[in-house]
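The chains referred to below are lettered A, B, ... by the order of the sequence lines, with proteins before strands, and numbering in each begins at 1. Fair warning: this is a prediction, and the values are worked out from it, not measured in the lab.
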4 protein chains.
Amino acid sequence: MEQRTTSLTDPDSARGKLLQAAAELFRTKGYDRTTVRDIANAVGILSGSIFHHFKTKDDILGAVMEESVNSLLVRMESALAEIDTPVARLRAMIRCELESIQGENGHALAVLVYEWRSLSPENQQKLLHIREAYEQLWLTEFTGATEHLKPGIEPFVLRRFLSGSLYWTTYWYKESGALTLSDLTEMALKLILK
Amino acid sequence: MEQRTTSLTDPDSARGKLLQAAAELFRTKGYDRTTVRDIANAVGILSGSIFHHFKTKDDILGAVMEESVNSLLVRMESALAEIDTPVARLRAMIRCELESIQGENGHALAVLVYEWRSLSPENQQKLLHIREAYEQLWLTEFTGATEHLKPGIEPFVLRRFLSGSLYWTTYWYKESGALTLSDLTEMALKLILK
Amino acid sequence: MEQRTTSLTDPDSARGKLLQAAAELFRTKGYDRTTVRDIANAVGILSGSIFHHFKTKDDILGAVMEESVNSLLVRMESALAEIDTPVARLRAMIRCELESIQGENGHALAVLVYEWRSLSPENQQKLLHIREAYEQLWLTEFTGATEHLKPGIEPFVLRRFLSGSLYWTTYWYKESGALTLSDLTEMALKLILK
Amino acid sequence: MEQRTTSLTDPDSARGKLLQAAAELFRTKGYDRTTVRDIANAVGILSGSIFHHFKTKDDILGAVMEESVNSLLVRMESALAEIDTPVARLRAMIRCELESIQGENGHALAVLVYEWRSLSPENQQKLLHIREAYEQLWLTEFTGATEHLKPGIEPFVLRRFLSGSLYWTTYWYKESGALTLSDLTEMALKLILK
DNA sequence: GATGAATGAGGATTCATTCAT
DNA sequence: CATGAATGAATCCTCATTCAT
C-alpha cells in the first residue's frame, strides 16, 4: 500500500488504475476540484474503497507525482542509452519531457508541475530528492553541451526557460493538430541552441 | 457594484483593497485554498461583508483577473508609446509582462494565467476578448519583428514558448537575488532573438 | 467563542443552549454516540451552524466540562460561606456534588467524570488545574475534619471512595423515587463519618 | 459459534485470545474508540476474519461481559466455599470484585460496568439475569451481616456505595504503588462496617 | 455598508460488515 | 478458517452565501 520505490505500479492493478484515473482528473480539473468520489467513480468503485489503497487524498497526489517522475526517469534513461552526441541527447530529453507533460501513458508530469503546492509538506519532502536528481540530470547535460547552447543566458536560467516553455504546452498543445510532437521537439531544441 | 470597464479600480477604495488582498492570496495559496474569510480578514472586515462588493467568490476572481490584464495593457501601452525599434519594443513588452507576473503593483498576472480554469465559464467568456486582444498585440509585434526573431520556429509557437518561460518565473525567481529583473528581461529577449 | 474564564455562560445565549443540550446528550448517550447533528437538532439549528460557536466537537466537550466544574465551584463556595462546623461543611459539599452529578441546572458533572478520556489531551491539559484545585478543596476539608472521619482509611482513599459512591449514583438513582436527595446526602455522610 | 453457557472460554483458543484482547482494549480505550481492526491486529489476524468467530462487534462486547461475570462468579464461589464468618465472607467478596475490576486474569469487570450502555438492548437482555443473580448474592450476604454493617444506611444503598467505590478504583488505583490490593480491600471493608 | 448567526450542500475519512477466492 | 478488496452509511467539518438587525 505504501511501496515507495523506483519501480512502477502495475497499471492493471487496482492501485494502478486508481493512479491513472487520478492523474487524468488532477490534470484536467485540478487537485482541489477533483473529489475522491470522482476518482472512485472513474474506476467503478465507491469512494470509501479508495482508502483501502491510499491513506489520504494527499497520498494519492503524492503517488501520482512519484509515478510520473519515475516513469519519466525510466524512459529518459532508456532513450539516452544509445545516444552519444550532445545535441541528440538534448533532443531526446526534450522529447521525453514533452511526452510526459502531455500525459502519454497516463503519467502526467503536468500534475507534478502544476499541483506541487497542493501536496502536503510531508509528501513534498519525500519527493524533493527525486525532483532534484532529475533537474541535476538536465544541468549536467546542459553543461556538457555548453558550446552548442545559446550564449548570454546562464545555463540554469536557460533550463528554466525551457521548462516553462515545455510545461506550458499543456495549456495550448493538442497532438491531434498539424503540429506533431516531433515538430514541437525540434522547435524547442532550436529555442535553446545557438 | 459590478463595474466592468477598462478603467482601473481606485486602490484606496474598499473594492480596491479587497482586490489587492484577493490577488495576493490567490497568487500564493491558489484560488481554491483561499477562503472568502481569508480575504475578508486580510482587509479587516467580516466574511459576510464581502458580498456587498462582489456577488460571488467567482466574481472576485474575475475582477482580479480583469484588473491584471487592464493594468498590464495600460502599462504596456504607455511603455510602447515612445519606442520605435522592433527589438526595443519587444524588450519593453517582456519587461512589462515579467513585472505583472511577479506581482509588482499588486496586480498578479499569475492569477490570470494559473487560475484560469478555476474561473466559471461565464466569467471566462467575459474576459476572453481582452485576453485575445492582448495576445494579438504580441503577435502583431512578433510579425513586425520577424527578421530579428529566431528562424525555424513559427511565431505563434515562439510566443507561447516565451509565455511559458516568463509565466514559469513565478515558481523560481525572486527579485531579491543576484539576478535583477533587467537581467531576466535581457535573457528572455535573447531567447527569442536570432 | 473561546472564553475560558470562571464565569458561567449565559444559559439563554446560543452557546448556553448548545452547552445545555450537549451536556444532556453526552450524559445519556455518551460522547461518542452523540453526533454533532444530535446536538444541533436539540436546539433547532443545523449541524454546520454549531461550528460558529465551537471549533470542534471536542471543544464542546471541553466547554461542557468546564462549565460543570465552574458551576459546581460557584455553588459550593456560596454554600460553604455561612457554614462553620466541619461536619456541616462536609454535608454541604456532598450535597453540592450530588446535585451536580445528577445534572441539576443542566451542568452534568457526570460528563466530566465519565467522559474524561474522550477529551483530547490538549483540552485535558487545560482543565487539569481546575480539577486539581477542586480535589484540593476536598482534601483540605477532610484534613480539617480528621477527628470526625472513619479511622483506618487514609484521607485520600476515603475521598476516592466517596467520589466513586457519589459518581455511581448516576447509574441507579432517580430523584423521583422514595429516596430524596437529602436522604442520599445523609447516607453518604454517614459512610465517611466515624 | 455463539456458545452462551456458564463455562469459560478456553483462553488458548482463537475465541479466547480474541476475547482477552478485546477486553483489554475496551477497558483502556473504550468500546466506541476500539475498532474491530484494533482487536484483530492485537491477535495477529485481519479484521475480516473476526466475523468467523463473532457475528457482530456488539457480540464481542457481550461475550467479554459474559466472561467477566462468569469468571467473577466462579472465583467468588470457590473463595467463599471455605469461609464461614460474615465479615470474612464480605472481605473475600470485596477482594474478588477488586481483582476483577482491576482486570486481573484478563477478565475486566470494568468493561461490564462502564460500557453497559454501549451494549445493544438485545444483548443487555441476555446478560440481565446473570447481573441480577450476582447482585442478589451481595444483597443476601449483606442481609446476613446486618449487625456488622454501618447502621443508618439501607443495605441496597450501602451496596451501591460500595460498588461505586470499588468500580471507581479503575481510574486511580495502580497495583504497582505503595497501596496493595489487600490494603485496599481492608479499607473498603472498613468503609461498610460499623 | 457592516455584522454575525445561520444555512445547506458537499467533502474527506472511518468503520462494521460482506464475500469471493 | 483466513484473506483483503469492496461496501455504504455515517461522521465531523468546511465554506460560499444569505439576511435580519
Side-chain angles (χ1 to χ4, degrees), chain A residues 1 13-15 17-18 31-40 43-61, chain B residues 1 13-15 18 31-40 43-61 120, chain C residues 1 13-15 17-18 31-40 43-61, chain D residues 1 13-15 18 31-40 43-61 120:
Chain A
M1 178 183 281
S13 67
R15 179 191 163 95
K17 280 186 280 192
L18 240 14
Y31 175 77
D32 285 306
R33 297 178 115 77
T34 301
T35 70
V36 169
R37 214 173 242 105
D38 288 337
I39 304 174
V43 303
I45 60 174
L46 287 178
S47 72
S49 309
I50 285 211
F51 297 91
H52 235 275
H53 304 278
F54 298 94
K55 260 207 306 291
T56 62
K57 187 186 172 191
D58 187 73
D59 274 0
I60 303 180
L61 180 57
Chain B
M1 180 185 285
S13 67
R15 180 190 163 93
L18 240 15
Y31 175 76
D32 285 306
R33 301 177 113 76
T34 301
T35 71
V36 170
R37 199 173 252 111
D38 287 338
I39 305 174
V43 303
I45 61 174
L46 286 174
S47 70
S49 309
I50 283 209
F51 296 89
H52 285 286
H53 303 278
F54 298 93
K55 249 201 325 281
T56 64
K57 186 187 175 190
D58 187 73
D59 276 358
I60 304 181
L61 180 57
S120 68
Chain C
M1 177 185 282
S13 67
R15 180 191 162 94
K17 280 187 280 192
L18 240 15
Y31 175 77
D32 285 306
R33 296 178 115 77
T34 300
T35 71
V36 170
R37 213 173 242 106
D38 288 337
I39 304 175
V43 303
I45 60 175
L46 286 177
S47 72
S49 309
I50 285 211
F51 298 91
H52 235 274
H53 304 279
F54 299 94
K55 260 208 305 290
T56 62
K57 188 188 172 190
D58 187 73
D59 274 0
I60 304 181
L61 181 57
Chain D
M1 180 186 282
S13 68
R15 180 191 163 93
L18 240 13
Y31 175 76
D32 285 306
R33 300 177 114 75
T34 300
T35 71
V36 170
R37 201 174 250 110
D38 288 337
I39 305 175
V43 304
I45 60 174
L46 286 174
S47 70
S49 310
I50 283 210
F51 296 90
H52 285 287
H53 302 279
F54 298 94
K55 248 200 330 280
T56 64
K57 186 187 175 192
D58 188 72
D59 276 357
I60 304 181
L61 181 57
S120 68

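- Phosphate proximity of E:dA2 to B:His53: present, with a side-chain N or O under 4.0 Å from OP1 or OP2.
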Checking side-chain contact (heavy atoms from CB on, under 4.5 Å) for the pair A:Ile60/A:Leu18: CA distance, chi angles, key distance, verdict?
CA-CA 9 Å; A:Ile60 303 180; A:Leu18 240 14; over 6 Å; no

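- Taken together, the paired segments of DNA chain F that extend over three or more consecutive Watson-Crick or G-U pairs, each closer than 3.5 Å at both contacts, are E:2-21 with F:2-21.
- Counting to the nearest Å, the P atom of F:dA6 and the CZ atom of A:Phe54 are 12 Å from each other.
- Nearest heavy-atom pair, A:Ala40 versus A:Ile50, reported as atom, atom and distance to 0.1 Å: N-CD1, 3.7 Å.
- In this structure, the CD1 atom of B:Ile39 is 12 Å from the P atom of F:dC15, given to the nearest Å.
- Of the two residues near DNA chain F, A:Ala14 and D:Gly44, the one whose nearest nucleotide lies more 5' is D:Gly44.
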Please produce a list of atom pairs where a protein N or O lies less than 3.5 Å from an N or O of nucleotides 11-14 of chain E.
residue : atom : partner : partner atom : Å
E:dA12  : OP1  : A:Val36 : N            : 3.4
E:dA12  : OP1  : A:Lys57 : NZ           : 3.0
E:dA12  : OP2  : A:Val36 : N            : 3.1
E:dT13  : OP2  : A:Lys57 : N            : 2.8

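- Minimum heavy-atom separation, A:His53 to A:Ala14: CE1-CB, 3.5 Å.
- As rounded to whole Å, 14 Å separates atom P of F:dA2 from atom CZ of D:Arg15.
- Summarising the geometry, the separation between NE2 on D:His52 and C1' on E:dA16 is reported as 15 Å, rounded to the nearest angstrom.
- Side-chain N or O atoms of B:Asp32 include none that pairs as donor or acceptor with a backbone N or O of A:Asp32 at under 3.5 Å.
- Rounded to whole Å, the C1' atom of E:dG1 lies 13 Å from the corresponding atom of F:dT21.
- Between C:Leu46 atom CG and F:dT18 atom C1' the separation is 14 Å, expressed in whole Å.
- For A:Ile45, whose side chain is taken as the heavy atoms from C-beta onward, the closest listed nucleotide among E:dA6, F:dC1, F:dA6 is F:dA6.
- Rounded to whole Å, the distance from CG on D:Asp59 to P on E:dA16 is 14 Å.
- Atom CD1 of D:Ile50 is separated from atom P of E:dC15 by 14 Å (rounded to the nearest Å).
- Spacing between atom NZ of A:Lys17 and atom C1' of F:dA6 amounts to 13 Å, rounded to whole angstrom units.
- Remark: B:Phe54 CZ to B:Asp59 CG distance equals 8.0 Å, nearest 0.5 Å.
- The two residues B:Lys57 and B:Phe51 make their nearest non-hydrogen contact at N-CE2, 4.5 Å.
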